[in-house]
Amino acid sequence: MKRLALFVFLLFGCDSEGIPKSVQAQSSVYAFENVNVVPMDEERILEEQTVLVAGDRITAVGPASSVQVPAEAVRIDGRGKYLMPGLAEMHGHIPSPSQSPEYTETVLFLFAANGVTTVRGMQGSPGQLDLKARVNAGELVGPNLYLAGPGFGGGSVDSPEQAREMVRRQKTEGWDLLKVFPGLTREEFDAMANEANELGIPFGGHVPEDVGLAHAMEMGQQTFDHIDGYISYLDGESELVSDSAIAGAVQMTLDAGAWVVPTMVLWETVLGVTDLEWGRNLPELQYMPRSVVEGWIESLRGRQQRAGFDRQAALNHVQNRMRLLRELNDAGAHILMGTDAPQMFSVPGFSVHHEMERMVEAGMTPYEVYRTGSVMIGRYLGDHDAVGTITEGAQADLVLVDANPLEDVAHVKEPAGVMVRGRWLSEEDIQSRLSEIAGMYASED
């Protein structure tokens, strides 16, 4: 029996088909009692509320004194705690079927354990749609998955007709969106974009050099991940750019109705300015395979030691990104939270907390940061109040924390419990499984 499968058996207990007994035995009705609610419909806190959940939906939100709790409900004491919507990782990576089941299940759990209840997977591979179905069916503990198909880039597309055929195939297969990689020619990109627009499937990701930011927006690219294309458009790879140039890029974004996924922390690592000692001492590295961590360390060290590395130029690049994020937020542009996990020192779920801190440093308030990972996700998906809010009828994706999250994003770091699609993971459940995962990877040393 695989190690993680054995762990799941020991922690939860499984029937003959391998489905955790705790999942089967869980009540479908929960009551968070006397809890302070952060509904995310506006910046406010509703004190001493009771929130009822039945199945995967919130069925009632109201004063604890007036909401009647069904006799069969599992009661969760929220006194002194805060309940907020689950967060999203809008540029994440879901393992491919070629990777081990242990690793896949670990990644999915780490997202959920940190209050990340939705992941937009941006590295599609065959078999991930089956994985999505298993998660939705409750066979695996993991976030809601919204998946891009295999990428469109210089290594996968060699003609406009092939680009069109790939769009048609991925639409038929049921992928949620198309992923754009570097390397597409302008003709290939336009062929993909026109076919996607015709079939009604969104596309997002990188901006190929031959395409450029302005043309990608003109063709309807929906998301610009890593703020890709912006710094090149502003000619800000090494020098600080003017405020007026940034304002022009922001206005172009607003006019296009485009969405931006910043991934600030990861990109600083890509540029080589992340402190190596900070990265290698992150406590969450214990939840990743040792070989993966060693690869991250060597990758960052190599970037910093490469010939011609100009740290000041890289810092100017970072400052341009921070200024751009601040101006996009101040202008009301569509921003989505993302970290590119798992990636260099971005451990699934844990990386969201580092990203939120960086977004605050860019000038965003905690409430504005949470919007990028909650209510804005509903708007992006077209579900509006059904995703990303604590309102009657919304999906029961929730995070329970011990202190007011509107005061400090650090208060979300260690959830007192997480609910994904109505499935409750208590703090005890989370910590117990994290301990098992750490022990599994420690045995590799």
Side-chain angles (χ1 to χ4, degrees), residues 89-93 122-123 153 180-183 204-209 212-213 216 223-242 245-246 249-250 253 260-282 284-285 288 292-329 335-348 350-364 372:
E89 163 66 86
M90 293 300 281
H91 190 111
H93 294 288
M122 295 297 285
Q123 184 76 46
V180 182
F181 277 110
H206 293 270
V207 177
E209 183 178 358
L213 181 67
T223 66
F224 293 83
D225 300 53
H226 322 298
I227 317 183
D228 200 28
Y230 280 86
I231 302 302
S232 177
Y233 175 80
L234 295 168
D235 195 22
E237 288 87 351
S238 59
E239 301 291 338
L240 297 178
V241 300
S242 68
I246 289 178
V250 169
T253 305
V260 174
V261 188
T263 67
M264 303 299 283
V265 176
L266 183 280
W267 217 247
E268 292 172 17
T269 306
V270 169
L271 291 170
V273 302
T274 297
D275 181 70
L276 180 58
E277 289 308 304
W278 172 85
R280 71 192 309 167
N281 290 315
L282 288 172
E284 61 261 32
L285 296 184
M288 286 278 100
V292 170
V293 173
E294 291 173 351
W296 291 349
I297 292 171
E298 289 308 309
S299 179
L300 178 56
R301 181 182 289 119
R303 291 170 190 271
Q304 295 175 338
Q305 296 178 352
R306 70 184 184 275
F309 173 61
D310 186 336
R311 180 173 176 81
Q312 185 56 55
L315 288 171
N316 288 342
H317 189 153
V318 169
Q319 187 172 341
N320 287 334
R321 288 172 55 84
M322 292 288 278
R323 293 166 61 207
L324 178 60
L325 176 58
R326 181 180 65 248
E327 295 304 319
L328 285 166
N329 178 68
I335 302 172
L336 300 172
M337 186 183 297
T339 75
D340 208 356
Q343 186 62 275
M344 289 187 295
F345 304 111
S346 291
V347 176
F350 293 90
S351 58
V352 164
H353 305 299
H354 302 303
E355 187 73 12
M356 291 195 296
E357 291 172 354
R358 200 71 175 115
M359 295 169 86
V360 168
E361 291 172 8
M364 300 174 68
T372 72

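Values reported hereafter were calculated over all heavy atoms of this structure, with side chains retained and with hydrogens, waters and symmetry mates removed. These numbers come from a predicted model, not from an experiment.
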Donor-acceptor under 3.5 Å ([X] side chain, [Y] main chain):
| X | Y | value |
| --- | --- | --- |
| Asn281 | Glu277 | yes |
| Gln304 | Val273 | no |
| Glu209 | Gly183 | no |
| Asp228 | His206 | no |
| Asn316 | Leu240 | no |
| Ser351 | Val347 | yes |
| Thr274 | Thr269 | yes |

When rounded to the nearest 0.5 angstrom, what distance separates [atom1] in [X] from [atom2] in [Y]?
| X | Y | atom1 | atom2 | result |
| --- | --- | --- | --- | --- |
| Met359 | Met322 | CE | CE | 10.0 Å |
| Met356 | Met264 | CE | CE | 15.0 Å |
| Leu336 | Asp225 | CG | CG | 8.5 Å |
| His317 | Asp310 | NE2 | CG | 13.0 Å |
| Ser346 | Glu284 | OG | CD | 9.0 Å |

Exercise for the section: Show your reasoning for whether side chain to side chain contact (heavy atoms under 4.5 Å, CB included) applies to Glu89 and His91. Expected result: CA-CA 6 Å; Glu89 163 66 86; His91 190 111; 4.3 Å; yes

4.5 Å side-chain heavy-atom contact, [X] and [Y]:
| X | Y | value |
| --- | --- | --- |
| Phe224 | Val261 | no |
| Leu266 | Thr339 | no |
| Leu324 | Asn320 | no |
| Ser232 | Glu237 | yes |
| Arg323 | Val241 | yes |
| Phe345 | Val293 | no |
| Thr372 | Met364 | yes |
| Leu276 | Ile297 | yes |

Handout entry: Trp278 and His354 aromatic ring geometry - parallel, tilted or perpendicular at 30°/60° bounds
Key =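 Judged by the thresholds at 30° and 60°, the geometry between His354 and Trp278 is perpendicular.
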
Exercise for the section: Look at the aromatic rings of His226 and Trp267 and report parallel, tilted or perpendicular, splitting at 30° and 60°. Expected result: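 Parallel: the ring planes of His226 and Trp267 meet at under 30°.
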
Practice task
Kindly indicate, with the supporting measurements, whether the criterion side chain to side chain contact (heavy atoms under 4.5 Å, CB included) is fulfilled by Leu325 and Arg321.
Solution key: CA-CA 6 Å; Leu325 176 58; Arg321 288 172 55 84; over 6 Å; no

Exercise for the section: Give a yes or no on whether Glu239 atom CD has more than 12 heavy-atom contacts from other residues, nucleotides or ligands under 6.0 Å away. Expected result: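 No, because the 6.0 Å sphere around CD of Glu239 holds 12 heavy atoms or fewer from other groups.
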
Handout entry: side chain to side chain contact (heavy atoms under 4.5 Å, CB included) assessment of Phe181 paired with Gln123
Key = CA-CA 10 Å; Phe181 277 110; Gln123 184 76 46; 3.6 Å; yes

Practice task
Using the side chain to side chain contact (heavy atoms under 4.5 Å, CB included) rule, pick out the option among Arg280, Met344, Arg301 that qualifies with Trp296.
Solution key: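 Only one of Arg280, Met344, Arg301 forms a side chain to side chain contact (heavy atoms under 4.5 Å, CB included) with Trp296, namely Met344.
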
Handout entry: SB check Arg358 Glu268 (cutoff 4.0 Å)
Key =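 Judged by the 4.0 Å cut-off on N to carboxylate O distance, Arg358 and Glu268 do form a salt bridge.
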
Handout entry: Residues His93 and Asp340: side-chain donor-acceptor under 3.5 angstrom
Key =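 His93 vs Asp340: donor-acceptor pair found between side chains.
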
Exercise for the section: List the steps, then state whether side chain to side chain contact (heavy atoms under 4.5 Å, CB included) holds for Ile246 with Val250. Expected result: CA-CA 6 Å; Ile246 289 178; Val250 169; 4.2 Å; yes

Problem - Which atom of Leu234 lies closest to which atom of Ala245, heavy atoms considered - result: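 In terms of heavy atoms, the two residues are closest at CD2-O, 3.3 Å.
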
